[in-house]
Number of protein chains: 2
Amino acid sequence: MVNVASALSLEYGTRSESLRTLKYAILGLLNQRNMSGYELTQQFESALCEFWNAKHSQIYSELKKLTDEQMICYEIEISGNVLEKKVYSITETGKADFMNWLRKDEPMGATSKDVFRLRLFFSNKLDQEVRIELLNSQLMQHRLRLMHLKNNQTKFNKVPQKDSDEFSDYLVLLGAIMREEMSCEWLKQCIELCQEGGNT
Amino acid sequence: MVNVASALSLEYGTRSESLRTLKYAILGLLNQRNMSGYELTQQFESALCEFWNAKHSQIYSELKKLTDEQMICYEIEISGNVLEKKVYSITETGKADFMNWLRKDEPMGATSKDVFRLRLFFSNKLDQEVRIELLNSQLMQHRLRLMHLKNNQTKFNKVPQKDSDEFSDYLVLLGAIMREEMSCEWLKQCIELCQEGGNT
DNA sequence: ATTTGCATGTAATCTGTTACATGATTCA
DNA sequence: TGAATCATGTAACAGATTACATGCAAAT
């Protein structure tokens, strides 16, 4: 028997909305200040890079979509003689939509993907030396990243005011540092466990 | 002037290969033991859930592709009277390809995306009470997750043998626990910083 | 009988990456 | 004058989610 209900297009509620996180990342940035697509791309590479990323190709198409949806609008500025630059700003509609997203207390989703942990999960199939080399390589990379982050932190000589953009920035930087410190700790423990009763 | 080289389809090297991580996650699991698509789906929900995830729809289509590519093959088993089950196993080609992937020391990619951190980055636009509520909600969720993970850890009464599947499992579980502990610590610090000089 | 779990798939859509494509501006 | 950076876009493809779709088996 066929599914009559679905044949009549009943019973299966409206399609659930997609998350559109990129949309809100862009709206959030434009809520801080007006920017071009190029500047937004740079923001993703600097300010957001510890928790979000997007290529210019994706950003430009999202900007087009958000303009159509009247969440943002733009004015054209001229750099030099002829080079056109679109400076985007958030609309009132966009601001309202963004604030609505920001306030929502959504339950945590699935843990994010991590290729290295996946590799490690299968690493007992490797020679012990190779496994330790891979762990060491990973450790070095995380140490380097930690160094850069701690260097960024020195730019704050005191905790910023709670309602400032800098304060939020400070919180996420703290999170990034703690994450890298944890990663280094964990990798060191893994290496130790792999070496225990080692090759003498 | 048009790009003659590209018009002639020259000069722009071969398309770079995609990562196909799901492929290797599946090959890795089938390298441990033979399984059906259904069992693989369950493995993603249990053993791999702390660092990878995939829905059954994605898994079944990847299995089809891997079969075409001769990385895996299957035999049909009957459960009960008629219900057919495809039990997949990895081929020698698949095993070689998997080991090749496992050995590679790829540099760390971009930090993985984290919607909560993105929200927090914009959270100075919220009322202080709402911001703290969101942080508390997040903290509770991470505490719960930590509890479950620590409970899993009790299943290991000692560190398993280094070349066993259980040892790798132990390492990634340790990583998951440390990650959740760090998250709880970080969130507590964020809450404190948000409350400092608070509303008296 | 009815619900839960076993078992497998496809279609539509959304999200993200790589490659293609162009041209101006600035600095060495 | 050549390289790096500013500036914007499209097309093709890869990766992932949600919904659609079906039916058997086991337990209550």
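Quick note on labels: first sequence line is chain A, next is B, and so on, each numbered from 1.
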When rounded to whole Å, the CD1 to C1' distance for the pair B:I59 and D:dT17 reads 13 Å

Among D:dT17, C:dA7, D:dG15, the one nearest any side-chain atom of B:R20 is D:dG15

Establish, with yes or no, whether the OP1 or OP2 oxygen of C:dA24 is under 4.0 angstrom from a side-chain nitrogen or oxygen of A:K85. no

A:D163-B:N124 side chain donor-acceptor pair, cut-off 3.5 Å:
no

Answer yes or no: is there a donor N or O on one side and an acceptor on the other, between the side chain of A:D127 and the main chain of A:V130, under 3.5 Å?
no

Atom CG of B:D68 and atom P of C:dG9 are separated, to the nearest Å, by 12 Å

note: B:E17, atom CD; D:dG15, atom P; distance rounded to Å ~ 11 Å

query: Think A:K64 has a side-chain N or O under 4.0 angstrom from the OP1 or OP2 of D:dT10?
result: yes

Looking only at C:dT17, C:dT25, C:dA7, the nucleotide nearest the B:Y38 side chain is C:dA7

Can you see if the side chain of B:S57 gets near the phosphate of D:dA16 - specifically, an N or O under 4.0 Å from OP1 or OP2?
no

Assign each of B:S79 and A:W52 the nucleotide of DNA chain C bearing its closest heavy atom; nearer the 5' end lies the nucleotide of B:S79

A:E39 CD to D:dT8 P, in whole Å, measures 9 Å

For B:Q141 and B:S137, test the side chains for any donor-to-acceptor distance below 3.5 angstrom and give the result as yes or no. yes

- Message: C:dG9, OP1 or OP2 - any side-chain N/O from B:Y60 closer than 4.0 Å?
- Response: no

Check your understanding: Heavy atoms under 4.0 Å, any strand shown: does A:K113 hit a base, just sugar-phosphate, or nothing?
Key -> sugar-phosphate

Which of D:dT17, C:dG9, D:dG9 is nearest the side chain of B:K86? It is C:dG9

Rounded to whole Å, the CD-C1' distance (A:Q42 to D:dT8) equals 14 Å

A:M35 atom CE is separated from D:dC6 atom C1', nearest whole Å, by 16 Å

B:H56 atom NE2 is separated from D:dG23 atom C1', nearest whole Å, by 14 Å

Within less than 4.0 Å of OP1 or OP2 of D:dG15, is there a side-chain N or O belonging to B:K23?
no

Does C:dT18 have OP1 or OP2 under 4.0 Å away from a side-chain N or O of A:K55? yes

Looking at A:K150 and A:E181, does any basic side-chain N land under 4.0 Å from a carboxylate oxygen? yes

In whole angstroms, the gap separating P of D:dG9 from CD of A:Q58 amounts to 16 Å

Side-chain atoms of A:L83 come closest, of C:dC6, D:dT10, C:dG23, to C:dG23

Parallel, tilted or perpendicular: rings of A:H56 and A:Y60 (30°, 60°) | perpendicular

So, OP1 or OP2 of D:dG15: does either fall under 4.0 Å of a side-chain N or O from B:S18?
yes

Exercise. Classify the side-chain pair B:R145/A:T111 by whether it contains a donor and acceptor separated by less than 3.5 Å.
Key: yes

